[in-house]
Novice: 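What follows is a single structure, and I will ask about it in a moment.
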There are 2 protein chains.
Amino acid sequence: MASKGEETRKRILDTAQDMILDHGYAGVSIDQLIKRLGLTKGAFFHHFKSKGDLARTLIRRYADDGVQLFKESLARAKKLSDDPLQQFLILIGLYEEIFAGLTEPYPGCLLASYVMEMQQFDVETREIINIEFYLSRRELTKLIGQISEKYPPNIDIDPVALADGFMSLFEGAFILSKSLGEARITVQQIRNYKN
Amino acid sequence: MASKGEETRKRILDTAQDMILDHGYAGVSIDQLIKRLGLTKGAFFHHFKSKGDLARTLIRRYADDGVQLFKESLARAKKLSDDPLQQFLILIGLYEEIFAGLTEPYPGCLLASYVMEMQQFDVETREIINIEFYLSRRELTKLIGQISEKYPPNIDIDPVALADGFMSLFEGAFILSKSLGEARITVQQIRNYKN
DNA sequence: GTAGATACATACCATCCGGTATGTTTTATG
DNA sequence: CATAAAACATACCGGATGGTATGTATCTAC
């Protein structure tokens, strides 16, 4: 079992993430955060040496979780099919499942949230964001490349642009869903787009 | 010609928008803003009665400009063709032109920026954002509906979902372009998606 | 030209902010 | 059970923040 300290640290991270997705990073003060947690300044600064440290830790965790989820999902997809197109469709299906299971107050993407106030963060934090996007792009491009090799499209395509398009659709859906309430359909819509 | 006061007011709005797109709304203080403008507190609070007033005015202007641009572009498209599909493609082309003309430090969308710290704003400000998205969705849905009537698709589609998909792609492209530098290709990519 | 409105500047304030110094309690370990 | 480290609490600080009160210059209209 996790020690008391680690548990508190996790609680801080979780609550901070919730609040940042609603108010933005600069819009969340440490005072507000610890008040909601029922903690004190001493407790917070015992776990994080600054607010920027919290921001870095938070986005690193988010990015790492995202990478792991992608790896696991891709592994599952590869186990279920040898065909790259089928793998891609399964992959999307798995993500669809996850987002369909989420309750109404739609969370949003922490990466996008950070990007919107990029200049607020130090270089290291910004680097984490960039790496995450480049990584996603690379993996998606690889998959799409495999698909277009096996199923030569009638029009010539740019796998990188297609990967970007997919990611854009993904991130944009978060924005819409937040302002309109629900847009999970969009994720499902992607499947129609593929051919 | 605009009076001196109106000019200053416009300068405040323009500079504020620039700064908010880089630092987020909460990340921009009035002190920082007026310092960059070479103004004083008195000047600012003469033009806006609070920071929230600035936020509201700013997003209203942005939304109104967006609506007008859409109307003008659609009118131009309708003048150039009677076919709804062609109109849609021309419309996209016009937007593509605009974004292709922008210089490297990619601005971003103020609406998306606000959405990321939605709880920071009063109900009226949030309402402006919601209305803007609903309006865009309605207009796009109408257009797509006309297209699918004239060119019955081989799979049955949901015009609303397609409109959402388009908007998502649009908004998401802003995020990617901001974190990776350039993604205007994505806009062009949309054209391939249509058929 | 002068009265009033508009457009700014100056000085100030209460509160909040991130951060620190220092204390107290709890927990793990020998 | 003693002890030290870890986990938290309390109290405080300098500066930033949004906002106000009040003054002054500039412009406009009669």
Side-chain angles (χ1 to χ4, degrees), chain A residues 1-20 22-59 113-114 117-126, chain B residues 1-20 22-59 113-114 117-126:
Chain A
M1 193 193 109
S3 74
K4 183 98 184 298
E6 283 170 25
E7 194 185 316
T8 302
R9 189 183 157 89
K10 186 183 180 306
R11 271 184 62 223
I12 295 176
L13 287 169
D14 291 343
T15 305
Q17 181 164 326
D18 278 357
M19 294 178 77
I20 289 174
D22 279 342
H23 300 86
Y25 170 71
V28 176
S29 73
I30 296 172
D31 282 329
Q32 291 170 337
L33 174 61
I34 60 176
K35 191 178 176 187
R36 184 155 141 185
L37 282 161
L39 288 175
T40 58
K41 281 238 168 112
F44 176 84
F45 283 100
H46 170 71
H47 289 283
F48 301 95
K49 72 174 202 284
S50 70
K51 198 191 176 188
D53 183 29
L54 170 69
R56 208 178 318 114
T57 308
L58 207 49
I59 200 66
S113 176
Y114 273 44
E117 34 186 336
M118 204 63 146
Q119 298 308 315
Q120 211 73 21
F121 306 100
D122 55 46
V123 272
E124 199 183 336
T125 301
R126 282 183 285 194
Chain B
M1 194 192 111
S3 74
K4 184 99 185 298
E6 281 170 27
E7 195 185 315
T8 303
R9 189 183 158 89
K10 186 183 181 306
R11 271 184 62 223
I12 295 175
L13 287 169
D14 291 344
T15 306
Q17 180 164 327
D18 277 358
M19 294 178 77
I20 289 174
D22 279 342
H23 300 86
Y25 169 71
V28 176
S29 73
I30 296 173
D31 282 328
Q32 293 170 338
L33 175 59
I34 59 174
K35 191 179 175 185
R36 187 156 139 183
L37 281 161
L39 288 174
T40 58
K41 279 245 168 100
F44 177 85
F45 282 101
H46 169 71
H47 288 284
F48 302 96
K49 70 174 204 283
S50 70
K51 197 189 175 188
D53 183 29
L54 170 70
R56 208 178 318 113
T57 307
L58 207 50
I59 199 67
S113 177
Y114 272 45
E117 34 186 336
M118 203 63 145
Q119 298 307 315
Q120 211 73 19
F121 306 101
D122 54 46
V123 272
E124 199 184 336
T125 302
R126 281 182 287 194

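Letters A, B, ... mirror the listed sequences (proteins, then strands); counts begin at 1. Note: hydrogens, waters and symmetry copies are ignored here, and every other heavy atom, side chains too, is used.
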Novice: Under 30°, 30 to 60°, or over 60°: which ring-plane class applies to Y114(A) and F121(A), parallel, tilted or perpendicular?
Specialist: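 Aromatic pair Y114(A)/F121(A) classed parallel.
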Novice: Return the value, rounded to whole Å, for the distance between atom CE of M19(B) and atom P of dT17(D).
Specialist: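 In whole Å, dT17(D) P lies 10 Å from M19(B) CE.
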Novice: Provide, to the nearest angstrom, the distance between the NZ atom belonging to K41(B) and the P atom belonging to dT10(C).
Specialist: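 In whole Å, dT10(C) P lies 13 Å from K41(B) NZ.
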Novice: Of all of residues 47-57 of chain B, which get a heavy atom below 4.0 angstrom from DNA chain C, listed by number?
Specialist: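 Close to the strand are H47(B).
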Novice: So, is H46(B) near the phosphate of dA7(C), with a side-chain N or O under 4.0 Å from OP1 or OP2?
Specialist: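 Looking at the OP1 and OP2 atoms of dA7(C), one of them is under 4.0 Å from a side-chain N or O of H46(B).
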Novice: In whole angstrom, give the distance that lies between atom CD of E6(A) and atom P of dT27(C).
Specialist: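 So the two atoms are 15 Å apart, to the nearest Å.
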Novice: Separation of E7(B) atom CD from dC27(D) atom P, in whole Å?
Specialist: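 Distance, rounded to whole Å: 12 Å.
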Novice: Who are the side-chain contact (heavy atoms from CB on, under 4.5 Å) partners of D31(B), not counting sequence neighbours?
Specialist: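 Scan of D31(B) (side-chain contact (heavy atoms from CB on, under 4.5 Å), adjacent residues dropped) gives S29(B), I34(B), K41(B).
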Novice: Whole Å only: how far is the CZ atom of R11(A) from the P atom of dA7(D)?
Specialist: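 Roughly 14 Å, once rounded to whole Å.
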Novice: Taking all non-hydrogen atoms of both residues, which atom of Q120(B) and which atom of Y25(B) are closest, and how far apart?
Specialist: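 So the two residues come closest at CG-CD2, 3.8 Å.
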Novice: Testing the 3.5 Å rule here: is there a donor-acceptor pair between the side chains of D122(A) and T125(A)?
Specialist: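 Yes, T125(A) and D122(A) have a side-chain donor paired with an acceptor closer than 3.5 Å.
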Novice: Can you name the nearest heavy-atom pair linking L13(B) to T57(B), along with the distance?
Specialist: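 The pair with the smallest heavy-atom distance is CD2-CG2, 4.0 Å.
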Novice: Less than 3.5 Å apart, any donor N or O on the side chain of T15(A) or D18(A) sitting next to an acceptor on the other?
Specialist: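 Checked: T15(A)/D18(A) side chains show no N/O donor-acceptor pair below 3.5 Å.
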Novice: Measure the distance from NZ on K35(A) to P on dC17(C) and round it to the nearest whole Å.
Specialist: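 One finds 10 Å between P of dC17(C) and NZ of K35(A), rounded.
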Novice: Can you tell me how far C1' of dT10(D) sits from CG of L39(A), to the nearest Å?
Specialist: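 In whole Å, dT10(D) C1' and L39(A) CG are 14 Å from each other.
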Novice: Where each residue is assigned the nucleotide of DNA chain C containing its nearest heavy atom, which of F45(A) and S29(A) is assigned the position nearer the 5′ end?
Specialist: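 The answer here is S29(A).
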Novice: Can you name the closest pair of heavy atoms from M118(A) and R126(A) and give their distance?
Specialist: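 In terms of heavy atoms, the two residues are closest at O-CD, 3.5 Å.
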Novice: So which one's nearest nucleotide on DNA chain D is more toward 5', Y25(B) or G38(A)?
Specialist: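 That would be G38(A).
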Novice: Distance check needed: dT27(C) P versus R9(A) CZ, whole Å only.
Specialist: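 The answer, rounded to whole Å, is 20 Å.
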